[in-house]
Enquirer: 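To start, I am sharing the structure in question, which I have written as structure tokens.
We use all heavy atoms of the structure for the numbers below, so side chains are in, but hydrogens, waters and symmetry mates are not.
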Amino acid sequence: MKLRSGGILEFGDVDSHRLRVGARYTHAVGGSGELYAGLAYEHEFGGDATATYQGYSTPSPSLGGGTGILELGYRFAPKDGRVSYGVNLMGMTGQREGIAGGAQVTWAF
């Protein structure tokens with residue numbers, strides 16, 4: 001990538017080794033839907049992220065550590081239907097922190 005200053009910044013590969021252990025509880029709602037909640041712990045044993053600027057290596061960030069994860073979601077699949085729907089929310093704390101969410105529509109043929 002060429003910066004406005006004229007310098008060249010190049011990013012290399014990111015290597016990561018993680019192990020996640022967790023559990024999820026699912027509860028049926030109204031015959032066609034289900035609520036779920038999950039709790040997990042993820043440990044990153046280490047990793048490398050490389051970059052160079054003008055041919056010189058930049059410092060590599062430390063990617064190791066633990067993260068607690070909580071997820072909540074809802075899935076709805078009408079009986080005899082080919083389409084299902086879902087929404088989810090996931091929160092993380094520890095080495096990685098933040099909130100993520102999503103919506104999904106699946107069509108089966």
Enquirer: Report yes if the side chains of T50 and F11 come closer than 4.5 Å at any heavy-atom pair, otherwise no.
Expert: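 Counting from C-beta outward, T50 and F11 never come under 4.5 Å.
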Enquirer: Hey, does V105 have a side-chain heavy atom less than 4.5 Å from the side chain of V83?
Expert: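 A side-chain contact exists here, since the closest heavy-atom pair is under 4.5 Å.
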Enquirer: Once rounded to the nearest 0.5 Å, what's the spacing between atom CZ of R82 and atom OG1 of T106?
Expert: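 So the gap between those two atoms works out to 13.5 Å.
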Enquirer: With a 4.5 Å cut-off on side-chain heavy-atom distances among I, L, V, M, F, W and Y, is there a chain of contacts connecting W107 to F76?
Expert: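 Linked within one cluster.
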Enquirer: Any chain of hydrophobic side-chain contacts (each under 4.5 Å) joining Y85 to V87?
Expert: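 Yes, same cluster.
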Enquirer: When you measure from the side chain of N88 to the backbone of G102, do you find a donor-acceptor pair of N or O atoms at a distance under 3.5 Å?
Expert: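 Yes: the side chain of N88 pairs with the backbone of G102.
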Enquirer: Is any side-chain heavy atom of M90 closer than 4.5 Å to a side-chain heavy atom of I69?
Expert: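 With C-beta onward as the side chain, the pair touches.
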Enquirer: Got a list of side-chain donor-acceptor pairs under 3.5 Å for residues 30-44, not counting sequence neighbours?
Expert:
residue, atom, partner, partner atom, Å
E34, OE2, R75, NE, 2.7
E34, OE2, R75, NH2, 2.7
Y41, OH, H43, ND1, 3.4
E42, OE1, R20, NE, 3.1
E42, OE1, R20, NH2, 2.9
E42, OE2, R96, NE, 3.3
E42, OE2, R96, NH2, 2.6
E44, OE2, S16, OG, 2.5

Enquirer: Got a sec: does the CG of L19 have more than 12 other heavy atoms crowding it under 6.0 Å?
Expert: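 Yes, the 6.0 Å shell around CG holds more than 12 heavy atoms from other groups.
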Enquirer: Could I get the full list of ring-ring contact (aromatic ring centres under 6.0 Å, His included) partners for H17, not counting sequence neighbours?
Expert: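 None.
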